[in-house]
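Residue numbers begin at 1 in each chain, while the letters A, B, ... track the order of the sequences. Owing to the predicted nature of the structure, the values given are computational and were not obtained by experimental measurement.
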4 protein chains.
Amino acid sequence: MRNTFGNIFTLTSFGESHGEAIGGVIDGMPAGVKISLEKVQAELDRRRPGQSTIVTARRESDTVHILSGMLDGVTTGTPIGFYIANENQRSADYGNIADAFRPSHADFTYSSKYGFRDARGGGRSSARETAARVVAGAFARQALATVGIDLYAYTSQVGDIALDKDYRKYDKSLIESNDMRCPDAYVAARMQQLILKVKGEGDTVGGIITGVVTGVPVGLGEPVFSKLHAQLGAAMLGINAVKGFEYGLGFDFASRRGSEVNDDFTSRNGKISTVTNNSGGIQGGISNGEDIYFRVAFKPVATLLRDVTTVNSKGEPVVLHARGRHDACVLPRAVPVVEAMAAMVILDAYLLDKTVHF
Amino acid sequence: MRNTFGNIFTLTSFGESHGEAIGGVIDGMPAGVKISLEKVQAELDRRRPGQSTIVTARRESDTVHILSGMLDGVTTGTPIGFYIANENQRSADYGNIADAFRPSHADFTYSSKYGFRDARGGGRSSARETAARVVAGAFARQALATVGIDLYAYTSQVGDIALDKDYRKYDKSLIESNDMRCPDAYVAARMQQLILKVKGEGDTVGGIITGVVTGVPVGLGEPVFSKLHAQLGAAMLGINAVKGFEYGLGFDFASRRGSEVNDDFTSRNGKISTVTNNSGGIQGGISNGEDIYFRVAFKPVATLLRDVTTVNSKGEPVVLHARGRHDACVLPRAVPVVEAMAAMVILDAYLLDKTVHF
Amino acid sequence: MRNTFGNIFTLTSFGESHGEAIGGVIDGMPAGVKISLEKVQAELDRRRPGQSTIVTARRESDTVHILSGMLDGVTTGTPIGFYIANENQRSADYGNIADAFRPSHADFTYSSKYGFRDARGGGRSSARETAARVVAGAFARQALATVGIDLYAYTSQVGDIALDKDYRKYDKSLIESNDMRCPDAYVAARMQQLILKVKGEGDTVGGIITGVVTGVPVGLGEPVFSKLHAQLGAAMLGINAVKGFEYGLGFDFASRRGSEVNDDFTSRNGKISTVTNNSGGIQGGISNGEDIYFRVAFKPVATLLRDVTTVNSKGEPVVLHARGRHDACVLPRAVPVVEAMAAMVILDAYLLDKTVHF
Amino acid sequence: MRNTFGNIFTLTSFGESHGEAIGGVIDGMPAGVKISLEKVQAELDRRRPGQSTIVTARRESDTVHILSGMLDGVTTGTPIGFYIANENQRSADYGNIADAFRPSHADFTYSSKYGFRDARGGGRSSARETAARVVAGAFARQALATVGIDLYAYTSQVGDIALDKDYRKYDKSLIESNDMRCPDAYVAARMQQLILKVKGEGDTVGGIITGVVTGVPVGLGEPVFSKLHAQLGAAMLGINAVKGFEYGLGFDFASRRGSEVNDDFTSRNGKISTVTNNSGGIQGGISNGEDIYFRVAFKPVATLLRDVTTVNSKGEPVVLHARGRHDACVLPRAVPVVEAMAAMVILDAYLLDKTVHF
């Protein structure tokens, strides 16, 4: 329950930011699925530091080593153990913080909980842990692809610069055409300018990622606690720096009337579907066959490249000044993490649904 | 995993809207906690239909029967079985819908998943199921009270009528002073007027509930998948009609700079705390000792008291006209459900945290 | 994990021996299975006290009330809540033991763990709790029957009187023809004589139950921790008074050579099977299509109808003298419990196996 | 649930016999426990092939690599990822079996379940997987030692050569004094002679391992499904080649009277204990403070170094002749595995018990 995610398809992850390696065990992966390890590595590369001018300059090759669970490029149904070496465990950048609590980081809560402080970095709270999720998600999405389920995510807001909320206005094939992973080149350029400006000021900025899942059959998810969107929400809120989750019209529903937003049913070519999709593809916690779409809010990165005042573990005031390799905006690198978590949730629900009928 | 919520403190619920009874089993309740069953029933009464003019006129006494797990008013550490009889299983109100899919209800997804249709009501998708959660939550909050943890929720928005987002501006003792469960009497009156107007038009309206947890010690929650807010989010998104969850500044973080919103640490009377609390009492997934606060978005009730066009299971167009006993706005009755889910999450995290140290 | 059994098909049980009711929630029951509630009740009746001269004279009707999860005699895929009222909560029989620890009962461990003593009976340690398992097992076995899986158990030893270990020598249709639930009438009569003799002396006696599952397809169970026999063993060892479990040749394997006991494969009518079945139908933790058979050892009932010396909670010596309604041998009534637990394990493994292939 | 063992303290293992590595993730290890990695490796060395003349000559160094969860020799409370490289993946020894099902191995069931055959070895069914358990168990037992809980196991029977069942007659300090891990040097020598004889005949032989846990406080375990002995039993039955489990008097209880075997309570120095310990330290599923002892039955190794007749995947008869590196008796190497599984169960129960009181 602590470091395991999922019910049937599960990822158990391990590893600290500055230890020897991070990694995990994928369990419940169906047998007989052909897996391209190149695609797995490609997903990792999308998350990797040092890809472009707008992300941290820290360079890690982040090569995944698969230790088990595959035979001749096909899954065997047994657990897939893997690790990614930590190549770049410099701890000098935070030389003066060994004993200080960085504002809005997990230092204080983490050291209070576990009773010690790892001066070398953020421990399990480091976003580096999400690399393990990207690996597991890459397996899940390749399984989903074989049954026609596809998913993608993109940066839809950075600071005040935002795309329209309607994902259907954008062409997903353009997402990877710019460093922002934003499907509108013009808006992407403005986002990028903002980030460079903010970075120049030693500051950081938040944003929103939109996720979309297509081709989901009717019937995935559970009607009560494990509603499909509750699982998606838990998955997204489990990503570092995420502070909000909504699906369908989300918070906009609050100010709307039922008569405006209800999704009427219709029949097209013998298939029942909805005229509109304000529900976001899930009704009563169960997928209805329409596109699932959701939005995930990220806070600004907590590390500022300027003087900040805080306290050390004795409660004494200290001034911190971080240096070097930090993202001013985490959004572009978080896109593959959002996709990975969504893929795991959908595959898990798909497998569990197989047990409803005898 | 399907109808069980929680890890150490768990609720396994059962029951359909129109069956003989709903209920559940609470497991992992610590031994030796004094429980007032009057308080348990009082929480149920807050959720019950027929309380006031603004909620459904359907009257059910909703009396909880505790079958086990208590001795002389104290918990025994063994599972607490309970049920609430369904007294009022009229199905006539939906006479013409036996075979039709009500728009934005779970009828279509539910019957597709399970392969049948219970013409008597919404099955497990009925909000009636949440009564079981209120019972379990009432046990959890009485346990939490013994260690100084308190929690409350209130209606903070109905349609366009909204309180300020800052919960500290409101006096929680006023929440129960009006039918809206809104701590500002003037705003409550406007909300109520809106609901009556909307109801008169056979329409419905959405809203937002704010939740607050105080007195939480530092250290609850896990750093990776089971972040405390991820568990809270999953709990809230598992409530019927919920479409969004945010904590701390939530979606507002997206447009903010790190320098504006970081919570600096300070030391007060030898205790480390934060100067501001934009984080919402949770950092890195672990409670930091500040107040936890969050917002939950509800869509408008799907049942409209007017003609709606939909299809039946054969895909043929039909016109539905619901009658009678329906909420035009679910918010006031959902307040105790939000509190119950939060109480279960916090108690569960509290108990799990006890196993971190040997 | 505490009061929940199973992974996909689960039973969460509740209830003390002397509380208002016992019961449970069955979750993960597949949708669309036709269930005879008469058969469910019939299984309960086999476990019930007061059936014959050799079991306790305590009379309880043990009628199960199903509260949810069924529609028109068919399962709906939603949780099945149920309870059985405790009609006969006399506590007078143990008048003088309120504060004493009965030898080889759970009184001492239970009260030490939970910090209190329920003077009215054995709490959750009472064998009465197994009635909930019989209900869940009766649902499971009806599901299994639809795919050709059958199971039965019988009393194979009482004291020194034992059947041959080879279950194939006995006709299962004779099991219910005598009060011992032993398929050999002559041996049954001797067992019954022994029990009456032992009972007359205020003493009790142990025994062994043999269980058999037929029609299991190849492939159920997991290769590592959740080996099919490990799950069966845990299920059986979770029954009150059970002290040992073996399957196939079991402990007899210890003194045998591989060349004597290996099960060679052969091909019959295009189907691969084994020439012998010393393995007991499971190899490497996974069913191989042969009959699964196992043996379960029960200790003698701890309650003696004679003076016994023990201590009270202060550690002071006291003499106890139990009276009245106790089994001198628990075996015949435990037969349906063994069957129920086996049915739950096999159905759970059957459902989980469906998720191995995509 | 598939490749994860435990509830609070868990091991998730991965790896095939002939893949790149085996390993696992230990989760729920309490923070702040000092760990000697030398002791971890020493346990692994006890399980390793090639230790002596009576075990397989296959030589593997079996060095464990810890990747996370430790800081300066102390556990951090975060998951401990580890792996052990597979150095010796020869597959030639079974050259002619690529397509044949070895009698009493898992080949047939495993390949039927997963739909493929790994010609390089036994996949997850290989006993090599137990090395991961030994690592996790070595962490657990070091934690247990800090609270005074100790455990050990020994070979108590090989073929017909058996120790007395009463573990108290033997000196545990002698267990490691011979290759058999048997605390009686004379009996050990006879066991060893038997194994060499059996081995010379290309045959194999079964046996029994006895396990003992001392210093367990009163109160560990759960009264219903998760009885402490049910968890121990599941743990032991999950070890390769195990066919039976009993604790206390075990199967001998079947032929005994209650008056002979009940454990009367007494008071010694203000502490309540039992006069005898036929129960094996567990009553009603909960530890009673006395020594826990149990016996585990192993079947003979299935691989015979002689001609055996079987079928291939087409059902055609084939003759197999295994060569080379195989144990004729698995018992001595299984002793540390039994200890490891017991340590995990006891620590898990210890941690869960902490949540019973608030």
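- The contact between A:T309 and chain B is made entirely by backbone atoms, counting heavy-atom distances below 4.5 Å.
- We find the OG-CG distance between A:S259 and B:L304 to be 6.5 Å, quoted to the nearest 0.5 Å.
- Contacts between A:T130 and chain B at a heavy-atom distance below 4.5 Å are absent for every atom of the residue.
- When heavy atoms are compared at a cutoff of 4.5 Å, B:N288 approaches chain A by way of both its backbone and its side chain.
- Contact of B:N312 with chain A is made through the backbone alone, with heavy-atom distances under 4.5 Å.
- The shortest non-hydrogen separation linking A:S267 to B:V311 is N-CG1, 4.1 Å.
- In this structure, CZ in A:R102 is found 14.0 Å from CG in B:D264, a value given to the nearest 0.5 Å.
- Within the structure, the salt bridge (Lys or Arg N to Asp or Glu O under 4.0 Å) test picks out the following pairs touching residues 232-252 of chain B (sequence neighbours left out): B:K165-B:D252, B:E246-B:R295.
- In this structure, CZ on B:R124 lies 7.0 Å from CZ on A:F225, to the nearest 0.5 angstrom.
- Exactly one residue among B:N240, B:I239, B:V242 makes a side chain to side chain contact (heavy atoms under 4.5 Å, CB included) with A:K227. That residue is B:N240.
- Here A:G258 is the residue among A:S287, A:G284, A:G258, A:A106 with the most heavy-atom pairs under 4.5 Å with chain B.
- Of the residues listed (A:F298, A:F245, A:F251), the one engaging B:F251 in a ring pair (Phe, Tyr, Trp, His ring centres under 6.0 Å) is A:F251, and it is the only one.
- To the nearest 0.5 Å, atoms SG (B:C329) and CZ (A:R257) are separated by 11.0 Å.
- Heavy atoms closer than 4.5 Å to chain A are found in both the backbone and the side chain of B:Y247.
- Minimum interatomic distance between B:L237 and A:A230 (heavy atoms only, all atoms of both residues): CB-CA, 3.7 Å.
- Closest approach of B:D263 to A:P103, counting heavy atoms only: O-CB, 3.6 Å.
- Looking at A:E201, the atoms closer than 4.5 Å to chain B (heavy atoms on both sides) all sit in the side chain, from C-beta outward.
- In this structure the side chain of B:Q157 reaches within 4.5 angstrom of the side chain of A:S255, judged on heavy atoms.
- With rounding to the nearest 0.5 angstrom, the OG atom of A:S125 is 10.5 Å from the CD atom of B:Q283.
- Note that CZ of B:F265 and CG of A:L320 are 11.0 Å apart. Values are rounded to the nearest 0.5 Å.
- Contacts between A:D203 and chain B at a heavy-atom distance below 4.5 Å involve the side chain alone, from C-beta outward.
- With a 4.5 angstrom heavy-atom cutoff, B:L11 touches chain A via backbone and side-chain atoms both.
- Closest approach of A:I208 to B:A254, counting heavy atoms only: CG1-CB, 3.6 Å.
- The greatest number of non-hydrogen atom pairs below 4.5 Å with chain B, out of A:E316, A:H357, A:R133, A:R268, is found for A:R133.
- In this structure, no portion of B:Q231 lies under 4.5 Å from any heavy atom of chain A.
- For a residue to count as touching a neighbouring chain, one of its non-hydrogen atoms must lie under 4.5 Å from one of that chain's; by this rule A:T355 touches chain B with backbone and side chain alike.
- Neither the backbone nor the side chain of B:M236 comes within contact range of chain A; no heavy atoms are under 4.5 Å apart.
- B:K113 is linked by a salt bridge (Lys or Arg N to Asp or Glu O under 4.0 Å) to A:E222, A:D353, counting only residues two or more places apart in sequence or in another chain.
- Using a 4.5 Å cut-off between heavy atoms, A:S313 touches chain B through its backbone atoms (N, CA, C, O) alone.
- Contact of B:Y114 with chain A is made through backbone and side chain together, with heavy-atom distances under 4.5 Å.
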Exercise for the section: Test side chain to side chain contact (heavy atoms under 4.5 Å, CB included) on A:L352 and B:R2 and set out the steps. Expected result: CA-CA 9 Å; A:L352 185 57; B:R2 276 165 167 150; 3.5 Å; yes
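- Side-chain contact between A:N262 and B:V308 is absent, with no heavy atoms from C-beta onward closer than 4.5 Å.
- Interface check for chain A: of the options B:L249, B:V224, B:T204, the most heavy-atom pairs under 4.5 Å are formed by B:V224.
- With a threshold of 4.5 angstrom between heavy atoms, B:T4 approaches chain A through N, CA, C or O but not through any side-chain atom.
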